[in-house]
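The structure under discussion appears below in the form of structure tokens.
Numbers restart at 1 for each chain; the letters A, B, ... are given by sequence-line order, proteins then strands. What you see is a predicted model, and the numbers here were worked out from it, not measured in a lab.
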There are 4 protein chains.
Amino acid sequence: MKTNKPKYKQIIDAAVIVIAENGYHQAQVSKIAKQAGVADGTIYLYFKNKEDILISLFREKMGNFIDKIDEEIAGKQTAAEKLLVMIESHYKILSSDHQLAIVTQLELRQSNKELRLKINEVLKGYLKLIDRIIEHGMNTGEFRQDTEVRLVRQMIFGTIDETVTTWVMNEEKYDLVAQAPAVQQLLINGMGA
Amino acid sequence: MKTNKPKYKQIIDAAVIVIAENGYHQAQVSKIAKQAGVADGTIYLYFKNKEDILISLFREKMGNFIDKIDEEIAGKQTAAEKLLVMIESHYKILSSDHQLAIVTQLELRQSNKELRLKINEVLKGYLKLIDRIIEHGMNTGEFRQDTEVRLVRQMIFGTIDETVTTWVMNEEKYDLVAQAPAVQQLLINGMGA
Amino acid sequence: MKTNKPKYKQIIDAAVIVIAENGYHQAQVSKIAKQAGVADGTIYLYFKNKEDILISLFREKMGNFIDKIDEEIAGKQTAAEKLLVMIESHYKILSSDHQLAIVTQLELRQSNKELRLKINEVLKGYLKLIDRIIEHGMNTGEFRQDTEVRLVRQMIFGTIDETVTTWVMNEEKYDLVAQAPAVQQLLINGMGA
Amino acid sequence: MKTNKPKYKQIIDAAVIVIAENGYHQAQVSKIAKQAGVADGTIYLYFKNKEDILISLFREKMGNFIDKIDEEIAGKQTAAEKLLVMIESHYKILSSDHQLAIVTQLELRQSNKELRLKINEVLKGYLKLIDRIIEHGMNTGEFRQDTEVRLVRQMIFGTIDETVTTWVMNEEKYDLVAQAPAVQQLLINGMGA
DNA sequence: TATGAATGAGTCTTCATTCAT
DNA sequence: TATGAATGAAGACTCATTCAT
């Protein structure tokens, strides 16, 4: 496997594949190296240690994630539209990248607390993005003024995360993206009659 | 440590303590045995293997969990009341058992996919409980008829789970139970104005 | 290989054999375990880590060493006699244990500074024994009063050590014990006419 | 670091510094290259392999060592004087080069048996120098005729080496050169009254 | 029932050396 | 001559599980 891709990204992509196919605890460095088409030692020219591969993987992918969603949202006026686009984009990205979905929703969560704390640091960028939408909606009067941003953020993130995880666990049998509008409606209007 | 508690429960309680204090990956069988006051080998007279301890732990604790909530809910008439009581009970139980909160929200999630699938089996009992509330609300006309039960269930569970996890990660600095009514309101009425 | 020897000593003896036959840097824990007739993991029930095997080895063997020499010396009256007996005993012990000689004179000296410092701690017991002979000789008037004990001690130890090391490096071709009297004479009377 | 020094010596001097500062086992080729201001690969244009650097280092430094001592000795008449000058010179050289003292007395001794055998080859030049002094003393009648040259040589070398090693291990707290006459006296007259 | 000594499979990381440029 | 990115072999240690007592 010879590509022109810089080795750094080459190794991260290999890690995604290996973790998705073998599971977190069976993703040995030697497997990742083989998949990347480099020697074991080469990994350590680009990453400090194994944990560094994983946190870099998450940072890289989640960075793209946030950037893409940010772009999509920018063109929308209302908070409701922004919310819908965010949910749709989130669903689309993971729907189109089966392996990434498995890795982020199932496998990477098996990592130890230390790594998970670092992952949470990266996630904060996403939570801030949610916060901006909420605040926009409160400013435009779309959303209630008396809600706590933290709770709303947790409802939004918790709902999206749970819907994706269930979908991945059910082997992605149904159309995730198609349910985005329903989820948006639920978040905005609640389940009440 | 000598108690009259049957060794089975004694070992499960020891596992909760050891996992809470040392973390999932540092919770060796020998540590659990020591904490339980039995020999390593004795563990294997009561459990098939280490995974069996953990799944039993979850089944035992979650069983109590569901039973308690079920009781509380029974006395309430409206779905809205039932939902509030469920959220409150959920928050109360974990607020009053620091170690259990850490174990279920953070540590046990580091387990491998196989164990997590078994844990999900146990969780289904809780999800059914949620479903019953939703269906009750749809029957009484409190909740919309056109919602998909699955999505609503995922929103409710995702929101509760996310609020608890964040609270545990923030070292339980604030009053979780106190925010139950706000969460219930959000779920029923959404964030919209 | 099943013996009644307690495993601790069994492992140390295995380590001497493996190091003597393979050299310090080729003495893997797995080789020592195999030689001792135990599983790799068993080693770690008796020793903290690999370094602990080596320092224990040295402590155990050097302890015997000093004890034996101490006994032999006790029966002698003059410092000159004690010195002769010490040199002879030292030579005899290493002459009769080919593997121990190789391990202590050549192999263990390749260990890192940390281990060597610990080995030096053990050696202090031997140096004290030398000091006691010197002080005895100064008290009886056999040895000069105006000599520095430290220098004399270094001359005695340096000479014994160098003679043994050279003998081991020359594959023990000549009779080491036979030259004990000549060495003693040199130390007491010097090389001067 | 740019010098006009030929790279060969430049690399050897870098090796002394790196070994003295980091210890034998932490003296990687890449560190030596960096210290020398050359690329890793350049090392291999001047040395066959890492061992070759070390043996060259020892040969180079020990060659200077012997040459200097030879010069100093030449001007002295008696064997006793020559011996004193040799000890003094030996002590002076190492006293004035802290790093060289650490490298030769402590660090280089951690090398494997193969390298140590080659080092011993180099040391033979020094041992011959000692032999010449002994023989000179026997010819002039200063030293006893009935002593074995080999034993005397081992006493002299062992004593000098032990005194220097102890001094280095004690972090060179005292004046090594000042004790040269006492050491010479001990070697010639022994410790006897 | 209860014990606890013994087992042994499995992996991340380092670093001397090469070779295309 | 000089570079430095890439190589890949090699080993200490942990811990779930067993089984003789």
Side-chain angles (χ1 to χ4, degrees), chain A residues 2 6-8 10-11 25-34 36-54, chain B residues 6-8 10-11 22 25-34 36-54, chain C residues 2 6-8 10-11 22 25-34 36-54, chain D residues 6-8 10-11 25-34 36-54:
Chain A
K2 264 197 175 170
K7 289 222 163 49
Y8 178 81
Q10 196 171 322
I11 291 167
H25 289 293
Q26 280 305 306
Q28 295 87 349
V29 171
S30 60
K31 261 186 203 153
I32 297 174
K34 197 171 201 176
V38 301
D40 291 17
T42 305
I43 299 270
Y44 292 87
L45 297 177
Y46 296 89
F47 300 91
K48 214 169 69 239
N49 50 34
K50 186 178 178 180
E51 185 180 274
D52 191 31
I53 305 176
L54 303 176
Chain B
K7 286 218 166 54
Y8 178 81
Q10 196 171 321
I11 291 167
N22 301 276
H25 290 292
Q26 281 306 304
Q28 294 87 351
V29 171
S30 60
K31 259 186 204 153
I32 296 174
K34 195 172 201 176
V38 302
D40 293 16
T42 304
I43 298 269
Y44 291 86
L45 298 175
Y46 295 89
F47 299 90
K48 210 167 77 238
N49 50 34
K50 186 178 180 181
E51 186 180 274
D52 191 30
I53 307 176
L54 303 177
Chain C
K2 264 197 176 171
K7 288 223 163 49
Y8 178 81
Q10 196 171 321
I11 292 167
N22 301 275
H25 289 292
Q26 279 305 306
Q28 294 89 348
V29 171
S30 60
K31 260 186 203 153
I32 296 174
K34 196 170 201 175
V38 301
D40 292 18
T42 305
I43 298 270
Y44 292 88
L45 297 177
Y46 296 90
F47 299 91
K48 214 168 70 239
N49 49 35
K50 186 179 178 181
E51 184 180 274
D52 191 30
I53 306 175
L54 303 176
Chain D
K7 287 218 166 55
Y8 178 81
Q10 196 171 320
I11 291 167
H25 289 292
Q26 282 305 305
Q28 294 87 351
V29 171
S30 60
K31 259 187 204 154
I32 296 174
K34 195 171 200 176
V38 301
D40 292 17
T42 305
I43 298 269
Y44 291 86
L45 299 175
Y46 295 89
F47 298 91
K48 211 167 77 238
N49 50 34
K50 186 178 179 181
E51 185 179 275
D52 191 30
I53 306 176
L54 303 176

| query | Is the shortest side-chain N/O distance from D:S30 to OP1 or OP2 of E:dC15 below 4.0 Å? | reply | no
Check the distance between [N]'s [atom2] and [X]'s [atom1] and give it to me in whole angstrom.
X     : N      : atom1 : atom2 : answer
D:E51 : E:dC15 : CD    : P     : 18 Å
D:L54 : E:dC15 : CG    : P     : 15 Å
C:I43 : E:dT7  : CD1   : P     : 10 Å

| Closest heavy-atom contact between D:K50 and D:Q28? | NZ-CA, 4.3 Å
| If every non-hydrogen atom of D:K31 is compared with every non-hydrogen atom of D:Q26, which pair is closest and at what distance? | NZ-O, 2.9 Å
| said: Does C:F47 reach a base, just sugar-phosphate, or nothing at all? Heavy atoms under 4.0 Å. | reply: nothing
| query | Which part of the nucleic acid, if any, lies within contact of A:V29, taking any heavy atom under 4.0 Å across all strands shown: a base, the sugar-phosphate backbone alone, or nothing? | reply | base
| request: Tell me which of A:D40 and B:G41 sits closer to the 5' end of DNA chain F, going by the nucleotide each one is nearest to. | output: A:D40
| task | For A:A39 and for C:Q26, locate the closest nucleotide of DNA chain F by heavy-atom distance; then report the residue assigned to the nucleotide nearer the 5' terminus. | result | A:A39
Kindly compute the distance separating [atom1] ([X]) from [atom2] ([Y]), expressed to the nearest 0.5 Å.
X     : Y     : atom1 : atom2 : value
B:F47 : B:I32 : CZ    : CD1   : 9.0 Å
D:Y44 : D:N49 : OH    : CG    : 7.0 Å
A:K34 : A:D40 : NZ    : CG    : 10.0 Å

| field | Closest-nucleotide ordering on DNA chain E, the 5'-leading residue of A:H25 and C:V38 | value | C:V38
| note | Heavy-atom nearest nucleotide on DNA chain E taken for C:L45 and for D:Y44; more 5' hit belongs to C:L45
| request: Heavy atoms of chain C, cut-off under 4.0 Å: which first and last nucleotide of DNA chain F, 5' to 3', fall inside that, if you could look? | output: F:dG11 to F:dT14
| said: Quick check on side-chain contact (heavy atoms from CB on, under 4.5 Å): which of B:L45, B:V29, B:I43 does B:I11 satisfy it with? | reply: B:I43
| Base-paired stems that DNA chain E participates in, counting runs of 3 or more Watson-Crick or G-U pairs under 3.5 Å | E:2-21 with F:2-21
| task | Output the single nucleotide from E:dT7, E:dT13, E:dA16 whose closest atom is nearest the side chain of A:N49. | result | E:dT13
| said: Hydrogens and angles aside, do B:Q10 and B:K7 bring a side-chain donor and acceptor to less than 3.5 Å of each other? | reply: no
